[in-house]
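To start, the structure under review is shown below, and the notes come after it.
Each ligand, and each atom within it, is numbered from 1 in the order the structure gives.
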Amino acid sequence: MIALVPREFHLFQAAGRDFLYLVPSAAVFALDAPTSAVLRVVTESTGGEDRVVETLGDRFDEAAVRGAIGELLAVRAIGYEQQPDPEPPRVLPMMPFPLNTMVLNVTNQCNLACTYCYEYGEDKIVDTEHGKQSKFMTETTARESVEFLLKESGRVAHLTFFGGETLLNFPVLKTTIGYARQRAAELGKEIDFSLTTNATLLRPEIIEFLAENRVGVTISIDGPRDLQDKFRVFRGGAGSYDVVAPKIKELLRRHRSRPIGARVTLTSDTLDITRIYRHLTEDLGFWEVGFAPVTTSPNQQYAIGERGFDRMLDQFRALASDFLAHVVENRHHGFSNVKDTLEEIHKGVSKAYPCGAGLGLLGVSTDGDVALCHRFAGSDAHKLGTVRDGIDRRAQASFLEKHHIADKTDCRVCWARPLCSGGCYHEAHVRYGTTTRPNLHYCEWIRGWTDTCLKIYGELSERNPEFLTRFDREETRAEAVL
Ligand code: SF4
Ligand code: SF4
């Protein structure tokens with residue numbers, strides 16, 4: 001009889017039982033006792049169906065074992081030796097792909113000089129001081145960008161403002177929102193607005209405008225004073241915490257129409273995740289906090305090295321346990337990294353590309369050049385057209401052709417690929433000098449974190465399944481701007 005062999009899956013335990021994450025379909029299954037036992041026998045020994053039935057004969061009757069084998073074969077968790085599954089087809093997205101999110105870099109200038117910033121350090125892609133791009137976007141270019149977005153989008157469009165420091169160009173941001181809202185209504189589309197800011201320039205009339213216009217706000221902030229002031233400094237070196245903290249409190253007090261989130265950049269010197277989270281939610285009042293490791297070349301002293309990734313994973317896990325304890329009791333918890341990954345798991349996301357960059361998400365430079373995302377805006381090497389001439393479809397097709405997961409050798413055999421798909425292009429560019437390389441320096445961290453989120457998903461599927469079903473009802477969120 002032909003031997004049964006395991007196929008591609010990741011087995012994990014949660015809520016006292018086994019779960020299976022099936023890699024080709026990105027589906028999660030809770031296993032009953034006979035199915036768990038069959039899977040273990042097939043994984044740990046060699047033999048055909050009869051052998052499995054015989055091995056498990058003292059625990060389960062034959063019909064239950066054969067039924068479990070049939071189910072595992074049907075979902076392709078196991079297969080027959082010498083009958084490998086066909087290679088998954090290398091499917092490229094149907095073109096033209098609708099533009100979901102446009103990130104408008106309304107300025108490439110900043111009033112802070114954060115020492116780790118990719119715009120200013122040796123890692124920068126675009127010369128914002130002496131380059132050919134204007135320092136500020138004009139109202140005309142912003143309007144042309146809106147027309148471009150509304151032409152390329154489906155029924156719903158997301159417009160995100162970014163910098164530099166976005167609020168340095170508040171006048172253009174303000175008129176663009178009014179214009180975009182009017183044009184979207186004329187064209188029968190919905191449009192939604194958000195921005196990222198360092199909070200230094202928030203003042204009452206800006207806060208009022210953001211609240212009245214339901215603009216989603218993400219604040220870049222690194223935590224309590226001692227951590228914020230390590231890197232997030234003004235040009236003269238003074239820390240920014242005392243400037244931003246009262247402004248953030250005022251924003252949170254007045255702007256209640258949408259949840260306000262904090263976005264934290266982690267470095268090897270500031271890996272105090274629980275303390276940062278507590279300060280930002282309990283002392284300042286943020287609804288959500290998301291963390292991302294700094295993007296930098298490995299030789300920077302603040303880069304997160306291998307031991308740092310281990311430490312970061314331990315801390316992420318501790319905060320994720322806190323998240324689970326809250327959610328099981330239907331209490332809010334704002335650790336957005338875990339919530340975002342749970343949503344992707346629940347929706348069965350399986351990515352051919354790591355993010356929407358170059359596809360459903362595009363960045364626009366101050367002069368109107370269209371690029372992969374906001375981090376590449378203004379880079380000639382990553383240009384995909386202009387807002388006036390439209391998307392350069394050949395350049396876009398060539399980018400998608402070169403970056404498909406099927407061509408990333410290490411990722412093709414990795415169980416975490418449905419959610420990771422090789423990781424951020426910008427990080428790869430900074431680390432390896434090319435967007436085509438997967439970010440192999442953080443695979444252990446990605447797999448460890450994905451395993452943690454799967455376990456939380458398994459726990460919630462048993463202990464509070466209602467929490468997960470709300471992902472079915474929520475509108476697909478705008479792609480995260482990192
Ligand atoms: S980058 Fe690493 S973790 Fe991510 S899919 Fe590729 S091999 Fe897996
Ligand atoms: S993950 Fe990286 S490449 Fe993708 S949108 Fe974010 S910064 Fe750009």
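- Of the charged side-chain nitrogens involved, none lies within less than 4.0 Å of a carboxylate oxygen, so that Lys347 and Glu344 do not count as a salt-bridged pair.
- With salt bridges taken as basic N to acidic carboxylate O contacts below 4.0 Å, one links Arg90 and Glu401.
- For atom 4 (Fe) of ligand 1, the closest non-hydrogen atom on the protein side is Cys420 SG, 2.3 Å.
- Among Pro438, Cys411, Pro354, Cys443, the residue whose heavy atom lies closest to atom 6 (Fe) of ligand 1 is Cys411.
- Of the charged side-chain nitrogens involved, none lies within less than 4.0 Å of a carboxylate oxygen, so that Glu165 and Arg232 do not count as a salt-bridged pair.
- For Arg447, every heavy-atom contact with ligand 1 shorter than 4.0 Å involves the side chain, none the backbone.
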Fill in: Pair His333-Phe323, ring-ring contact (aromatic ring centres under 6.0 Å, His included): steps then yes or no
CA-CA 6 Å; His333 194 284; Phe323 175 94; 5.6 Å; yes
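- If you check which protein heavy atom lies closest to atom 8 (Fe) of ligand 1, you get Cys414 SG, 2.4 Å.
- Counting non-hydrogen atoms of other residues, nucleotides and ligands closer than 6.0 Å to CZ of Arg388 gives a total above 12.
- For the ligand labelled ligand 1, residue Gly422 lies inside the 4.0 Å heavy-atom shell.
- For residue His426, no N/O/S atom approaches atom 2 (Fe) of ligand 2 to within less than 2.8 Å.
- Heavy-atom proximity to atom 5 (S) of ligand 2, evaluated over Cys373, Ala428, Gly356, is greatest for Cys373.
- Counting atoms of ligand 1 from 1 in the listed order, those under 4.0 Å from a heavy atom of Ile446 are 3 (S).
- Residue contact check: Arg417 has heavy atoms under 4.0 Å from atoms 5 (S) of ligand 1.
- Under the 4.0 Å criterion applied to side-chain N and carboxylate O atoms, Arg447 and Asp451 are not assigned as salt-bridge partners.
- Under the 4.0 Å criterion applied to side-chain N and carboxylate O atoms, Glu139 and Arg143 are assigned as salt-bridge partners.
- Distances below 4.0 Å separate heavy atoms of Cys424 from the following atoms of ligand 2: 1 (S), 2 (Fe), 3 (S), 7 (S).
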